[in-house]
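Worksheet: one structure, shown below.
In the text below, chain A, chain B and the rest are named by the order of the sequence lines, each starting its count at 1. If you're wondering where the values come from, they're calculated on a predicted model, not measured in any experiment.
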Amino acid sequence: MMRPFMRCIDVNSEQCPCLLSDTNHCFMCSQLKGEAVCNCDWTGQCILHEKRWKAPRKPSDAPCRREVESTLVIKRQVNEHTYIVETEVGLELAEQLNKIGSFIFMRRVDDPEMCNFPVGIMNVKRGTLTMAIETIGPKSSRLFMPLEARVLLRGPYLNGVFGQPWIDSTKYGTILAAVGGLGQSNALMLAKAILANGNKATFVIAPGQAGSIFVADELQAMGVEVISVSSMRREGFAKLQELFSDKVDLLLSAGPDDLHNGLIATMHESGYNFPMAVTNNATMCCGEGICGSCAKKTKDGVWIRTCKVQLDFNQLENSH
Amino acid sequence: MIKVVIIGGGWGGCAAALSAAQAGATVLLLERTDLLLGTGLVGGIFRNNGRFTAAEEIISLGGQDLIATMDQSARHTNIEFPGHRHASLYDVGKIEAAVSELLQQHGIKVRLKTRITDVLRLGKLVRHIVTDNGEIIEGDVFIDATGTAGPMGNCLTYGNGCSMCALRCPAFGPRVSITARAQVKERNGEKLDGTFGAMSGSCKLHKESLSSALQDQLESTGVVVIPMPEMLKNKISLGKKACSQYALPEYRDNLVLLDTGHAKMMTSYFALEDLRQIPGLENARFADPYAGGKGNSIRYLGIAPCANTLQVDGVDNLFCCGEKFGIMVGHTEAVATGLLAGHNAVRYSLDMQYLQLPRTLAIGEFIAFVHEQMNEKQHLDVRYTFAGATFFNRMQELNLYSIDPSVIKARVAEAGLSDIFSQRLV
Ligand SMILES: Cc1cc2nc3c(=O)[nH]c(=O)nc-3n(C[C@H](O)[C@H](O)[C@H](O)COP(=O)(O)OP(=O)(O)OC[C@H]3O[C@@H](n4cnc5c(N)ncnc54)[C@H](O)[C@@H]3O)c2cc1C
Ligand SMILES: Cc1cc2nc3c(=O)[nH]c(=O)nc-3n(C[C@H](O)[C@H](O)[C@H](O)COP(=O)(O)OP(=O)(O)OC[C@H]3O[C@@H](n4cnc5c(N)ncnc54)[C@H](O)[C@@H]3O)c2cc1C
Ligand code: FES
């Protein structure tokens, strides 16, 4: 049996204790939740102590992520709406973003704050970020007018993948991944992390909405076995089903929630229940646990802000 | 085979492990740090005042091995210090290894560095417990012996912050209450001013940091009493002490040191620069807590509501002992309740009637009285111990205090309970 877990992604970082602790909305520390005594799940530091230690502080001094100005350089246009871009952010922020599930909030320099939207980090090389961006609505479309825009990037944000503890703890194992559409932008970081732990990895990739497969060569060069399919539903799930066995230690799903749920259904159909890590597709606005746009309900009826909370996807109400 | 799982390896947990093993169960004892005995690593005083009676009762009831281990590890026996007679002091440097070996001889499996952070409770039963790295541990019956000391947030909110005591929460992760995780509402002890918790009444100095004259006196007699310099008297607050038995004027007017291997100092904490003004302590250093100049650990947060059989209210297969059972202080007290909890855990598994100790015994009276005071009288600001204050007075009034082992043995026999904790039930 697997233990459900919930943990703030920002605990032990320079962001912690964050604004939520000012109003007893921290969900890690019982006393910073408003309870009278300690009943915490150890995180490696006492958040209450950090809070007192740093207090008193003005709200304006609250820990804030770095904002970096840079130029977006289009490296490749994958289809009519999807671009692979690169941008220089300096070594420090780039290194902080060199993790699975990392993302930044981005907008054009002259755009108001409300235009910020989350973009996942596809790869990091010496201070340069690679990202894949699909222009689907007003915020993302603004970026490419003019084509090589000056942008503001705010980060690091780290909760782009649920179930990270499974990834960290799987060593010298066998890992399968289903990757669909823009979910490909998570594939390289995932592969880096799992290969570094000595795992064997097979990624089944479908073009999905993005209409093309753009990470296969790079994954193969890293040592991942890649199976490209034209459709995950029609072809991919069956391929994965053939690979399911007692030897599989972890299943990854990078793509929309439909992909996650389809994969879970396929897995159950085959009589397996592997631990899973999946991409976080919540609609995010602030990334700080404040605005509430990313809130989702768990099966236990608790509302959590998914920009901050690490959990297992199947703890969420609308998961299978 | 009946499997008893005990969480917390303080004196309470060790005693529960022993009686459960003696009753014939398979026993697994889980401790979050790398040492057994919990706060017992920094205590040492036993057989003082009514604890003598309780120790002899424990021996007659069949728990003699633990008392024998304390006796064998004693640096000093039958000493006196203000308000306390016929005390023994065990050596805090030796006792842990001795207890560890004893448990091994009884076939008890001890797992150190194993911290429980979750409990699966279904209806009236604990199904399993979970370690902080996700391992599931199953058992027929569980004993919450996690104590009430710390963790850091409580020491911060109700004391002066983490002072780095023997429990080493930052290193091993904080205490987690099994009862609370089983969704049982706990109670909290209070200070006289109504705030939660209480601070330990003593701390330890490195004996080597004292003047050689003080060291010699400590080693030969076990006790040093130094009159407190006038200007330091008002700096000592008796009201915050966990140990009401030392909340006496003698402890404000004097600095009392006892030889437990370290120099046990009978005040909660003392600013180092003040302490060093006392003759002989010019170079003094704290051994436990390391930051004894600023504070001490806070205890009595998270007491389990339970019956006099030590079964936790509302959960059939969960028992508790030591400080989890009530606002009590002491190694002897933790051992007495631990033995009962371990024994009754086995009775639970065999569907036998639980043992309840009669009030003709000091231990039976202690358990019943503590519950009455906490439940009916709502007295949450008093700490109970055989060694002094309220309960020792009561022992004397009720004629339960005795220092004659044969009298105590006869009482236990009269209750029909001789060697009950060493009898096999399985
Ligand atoms: C952690 C994270 C990482 C992301 N990484 C990338 C990335 O690398 N590249 C990229 O192009 N996009 C990424 N997104 C999605 C991206 O942020 C949204 O597509 C964007 O906010 C849409 O803004 P908009 O104004 O352009 O469109 P809107 O008008 O806001 O939305 C247009 C359509 O997209 C849907 N949508 C909105 N937000 C999301 C979302 N978060 N996920 C999926 N669909 C959404 C809406 O329901 C609507 O149908 C990521 C989102 C998150 C939460
Ligand atoms: C500084 C000090 C001096 C004292 N001096 C004396 C003295 O001289 N004489 C005397 O009789 N009494 C003394 N006492 C009191 C006495 O030590 C205690 O009342 C008694 O030992 C409590 O025993 P316990 O087993 O209930 O709890 P504890 O000793 O607190 O033991 C609890 C154990 O459980 C472990 N634990 C907690 N949570 C978990 C978890 N989730 N998973 C696994 N393990 C866990 C802890 O690490 C600890 O080892 C002193 C106390 C202190 C603090
Ligand atoms: S995005 Fe604002 S609360 Fe999560």
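Between the SG atom in B:Cys169 and the NE2 atom in A:His49 there is a gap of 12.0 Å [rounded to 0.5 Å].
Shown here is B:Tyr290, whose OH atom has no more than 12 heavy atoms of other residues, nucleotides or ligands within 6.0 Å. Heavy-atom neighbours of A:Lys200 NZ from other residues, nucleotides or ligands within 6.0 Å: at or below the threshold of 12.
Within residues 294-309 of chain A, no residue has any heavy atom less than 4.5 Å from a heavy atom of chain B.
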Worksheet item: Could you walk me through whether B:Thr157 and A:Arg52 pass the side-chain contact (heavy atoms from CB on, under 4.5 Å) check?
Response: CA-CA 10 Å; B:Thr157 304; A:Arg52 295 273 180 93; 3.8 Å; yes
Practice prompt. Take B:Val176 and A:Trp42, measure what side-chain contact (heavy atoms from CB on, under 4.5 Å) needs, and give me the verdict at the end.
Written response: CA-CA 9 Å; B:Val176 172; A:Trp42 183 227; over 6 Å; no
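For the set B:Gly150, B:Pro174, B:Gly173, the count of heavy-atom pairs under 4.5 angstrom toward chain A peaks at B:Pro174. Chain A forms the most heavy-atom pairs under 4.5 Å with one residue out of B:Arg181, B:Glu135, B:Glu186, and that residue is B:Arg181.
There is no contact between A:Cys29 and chain B, counting heavy-atom distances below 4.5 Å. Heavy atoms of B:Leu301 lying under 4.5 Å from chain A belong exclusively to its side chain. Contacts of B:Arg115 with chain A are made by side-chain atoms alone, with heavy-atom separations under 4.5 Å and no backbone atom involved.
A:Leu48 is not listed as a side-chain neighbour of B:Met152, based on a closest heavy-atom distance of 4.5 Å or more.
Here the shortest heavy-atom pairing between A:Cys38 and B:Asn154 reads N-OD1, 2.9 Å.
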